[in-house]
Number of protein chains: 2
Amino acid sequence: MDRSLPLVTAPTAAPVRRDAARNREALLAAANALIAEGGVAALTMDAVACRAGVGKGTLFRRFGTREGLMATLLDESERRWQEAAMSGPPPLGPGAPARDRLLAFAGSRLEEHVRQDALIRAAGTTWGDNQSVIGFHVLHVRHLLLEAGITGDATYPATVLVTMVSPPVLRQQLDAARLTPSRVLTGWTDLLDRLLPAD
Amino acid sequence: MDRSLPLVTAPTAAPVRRDAARNREALLAAANALIAEGGVAALTMDAVACRAGVGKGTLFRRFGTREGLMATLLDESERRWQEAAMSGPPPLGPGAPARDRLLAFAGSRLEEHVRQDALIRAAGTTWGDNQSVIGFHVLHVRHLLLEAGITGDATYPATVLVTMVSPPVLRQQLDAARLTPSRVLTGWTDLLDRLLPAD
DNA sequence: GGTCGAAACGGACCGCGGTCCGCTTCTATT
DNA sequence: AATAGAAGCGGACCGCGGTCCGTTTCGACC
């Protein structure tokens with residue numbers, strides 16, 4: 001682990017009561033199963049509650065809204081990604097040159113966002129505008145930019161680079177503009193090299 | 001008008017029948033009135049139909065979904081913006097130096113997106129991922145970048161600059177990162193000057 | 001083990017988005 | 001003007017997200 005940053009916060013405080021914790025896990029398992037079987041559209045709140053063998057009120061008490069439930073599912077994989085970025089193998093994890101890690105960052109986020117696209121869309125702004133996730137990515141990239149020797153303010157360039165592989169921007173480029181993933185990464189790399197000092 | 005680009009396409013083909021056209025206008029007027037009175041939350045499909053004096057089926061036939069209705073409302077103001085950018089007064093319209101027009105573009109989009117934020121959020125991906133709008137902006141900025149003498153590929157930098165004043169990115173910067181609008185524009189200007197050749 | 005307050009549970013209930021289909025209205029054609 | 005048939009219309013109906021509140025369960029403390 002190359003530094004300490006707050007990981008994505010637990011969106012719902014861990015329940016204290018035993019039954020509450022058990023139900024929480026049952027609900028998440030049911031939600032994952034439903035998505036695996038029938039896609040995001042199959043994730044109805046009634047179905048989740050029924051499959052988990054609990055009442056609907058319990059489900060809503062735990063996750064607030066359908067989008068909140070989705071955000072929790074996304075947080076799970078985000079947590080795994082963040083661990084990989086902080087203490088996993090290079091080039092995404094520590095141990096590789098900063099520029100290589102930056103490229104790995106872009107490729108990895110692109111892959112993740114394409115893989116989870118349906119769920120991210122359905123979660124709407126609840127997840128997409130998540131401050132802690134974006135904030136983590138910006139700090140991560142900013143750290144690597146500084147390590148790579150960027151001159152001047154690093155926060156805005158970091159924001160730019162993170163933004164350019166964010167879900168809405170990728171959708172625009174991949175779907176609307178009909179670009180291939182590798183073309184997107186080429187553009188991103190060019191942008192990175194314009195922002196870094198010429199070596 | 002400095003060039004010809006396709007304006008935002010009519011989202012719903014103009015009705016041929018007289019009564020259909022009349023109802024369409026009545027529905028849009030009702031929708032605008034409801035939003036003016038009670039915000040986006042007051043825009044229920046039943047209320048729009050009732051206020052316009054037509055049946056619910058007619059409303060859905062015309063606009064497809066609630067989001068589709070919102071997208072139509074947004075298209076109206078977008079059309080006005082595009083006219084201002086193509087044939088309005090400088091610096092947004094033609095007649096000013098390219099760099100000034102680019103700054104005017106950023107400021108104008110920021111203002112527009114902040115003003116319409118609630119509606120844009122509520123419209124979801126129906127409007128936000130709108131290819132024709134984003135495509136228009138990218139072409140506009142790309143044109144100005146070339147006029148300003150950018151070297152190399154201009155499309156990706158144009159996409160970057162457009163993206164950085166898009167609604168989700170602005171929300172992240174203004175709400176989550178607590179930046180002021182002028183700070184955002186400063187960052188944008190810096191980015192622009194990094195992308196343009198040093199003069 | 002008994003007691004008690006708080007936390008969690010569950011399912012009836014509500015409002016809204018969206019669909020469906022029989023009825024009405026318009027306009028092209030003669 | 002009459003006609004025909006396509007386009008438009010309307011509102012009953014449905015499913016799902018979300019709420020509410022009386023009931024149940026947990027576990028801390030005695």
Side-chain angles (χ1 to χ4, degrees), chain A residues 10-31 34-35 37-73 118-119 121-127, chain B residues 10-31 34-35 37-73 118-119 121-127:
Chain A
T12 310
V16 284
R17 275 170 57 161
R18 198 85 41 72
D19 56 345
R22 212 181 323 120
N23 281 339
R24 185 190 145 89
E25 295 313 307
L27 287 166
L28 287 177
L34 285 169
I35 289 179
E37 286 167 17
V40 175
L43 192 80
T44 64
M45 298 305 262
D46 289 270
V48 173
C50 175
R51 179 149 186 162
V54 304
K56 216 172 155 184
T58 306
L59 172 54
F60 277 93
R61 156 177 291 269
R62 203 51 72 213
F63 300 104
T65 65
R66 186 174 118 107
E67 293 190 352
L69 171 59
M70 291 173 172
T72 302
L73 296 177
L119 195 51
R121 268 176 191 269
T125 56
T126 306
W127 163 262
Chain B
T12 310
V16 284
R17 275 170 57 160
R18 199 83 40 74
D19 56 347
R22 210 181 325 119
N23 281 339
R24 184 190 144 89
E25 295 313 307
L27 287 165
L28 287 177
L34 284 169
I35 289 179
E37 286 168 18
V40 175
L43 192 81
T44 64
M45 297 304 263
D46 289 270
V48 173
C50 175
R51 179 149 186 161
V54 305
K56 216 172 154 183
T58 305
L59 173 55
F60 277 92
R61 156 178 291 270
R62 201 53 69 213
F63 301 104
T65 65
R66 187 173 116 106
E67 293 190 354
L69 171 59
M70 292 172 171
T72 302
L73 296 178
L119 195 51
R121 268 176 191 268
T125 55
T126 306
W127 163 262

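First the proteins, then the strands, lettered A, B, ... as listed; each starts at 1.
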Got a list of protein N/O to nucleotides 27-30 of chain D N/O distances below 3.5 Å?
from   : atom 1 : to      : atom 2 : distance (Å)
D/dG27 : OP1    : A/Arg18 : N      : 3.1

Is there a side-chain contact between [X] and [Y] in this structure, where contact means two heavy atoms from C-beta onward sitting under 4.5 Å apart?
X       : Y       : answer
A/Leu28 : A/Leu69 : yes
A/Met45 : A/Phe60 : yes
B/Met70 : B/Val40 : yes
B/Thr72 : B/Arg24 : yes

Nearest-Å distance for atom pair [atom1]/[atom2], residues [X] and [N]:
X       : N      : atom1 : atom2 : result
A/Met45 : C/dG15 : CE    : P     : 20 Å
A/Leu59 : C/dG10 : CG    : P     : 11 Å
B/Asp46 : D/dA12 : CG    : P     : 11 Å
A/Leu34 : D/dC16 : CG    : C1'   : 14 Å
B/Glu67 : C/dC16 : CD    : P     : 17 Å
A/Arg24 : C/dC9  : CZ    : P     : 12 Å
A/Arg22 : C/dC9  : CZ    : C1'   : 12 Å
B/Arg66 : C/dG15 : CZ    : P     : 17 Å

Ordered by number, residues from residues 49-57 of chain A within less than 4.0 Å of DNA chain C (heavy atoms) are A/Val54, A/Gly55, A/Lys56, A/Gly57
Assign [X] to base, sugar-phosphate, or nothing according to its heavy-atom contacts below 4.0 angstrom with the strands shown.
X       : result
A/Leu69 : nothing
A/Thr58 : base
A/Leu43 : sugar-phosphate

For residues B/Val48 and B/Ala30, report the shortest heavy-atom separation together with the two atoms involved. O-CB, 3.8 Å
Between B/Leu27 and B/Ala49, what is the shortest heavy-atom contact and its length? CD2-CA, 4.2 Å
Could you list all N or O pairs between the protein and nucleotides 1-3 of chain D that sit under 3.5 Å apart?
none

Residue pair A/Thr44/B/Asn23 against DNA chain D: nearer the 5' end by closest nucleotide is B/Asn23
Does [X] have any side-chain hydrogen bond (donor to acceptor under 3.5 Å, both in side chains) partners at least two apart in sequence or in another chain, and if so, which?
X        : result
A/Thr126 : A/Glu67
A/Arg121 : A/Asp117
A/Glu37  : A/Arg51

Look at the side chain of A/Thr65 and decide which nucleotide, out of C/dC9, C/dG17, D/dG18, has an atom nearest to it. D/dG18
Checking C/dC9, C/dG17, D/dG8 against the side chain of B/Arg62 (C-beta onward), the nearest is D/dG8
Got a sec, which residues hit side chain to side chain contact (heavy atoms under 4.5 Å, CB included) with [X], two or more places apart in sequence or on another chain?
X       : result
A/Ile35 : A/Leu43, A/Leu73, A/Leu119
B/Ala47 : B/Leu34, B/Thr44
B/Ala42 : none

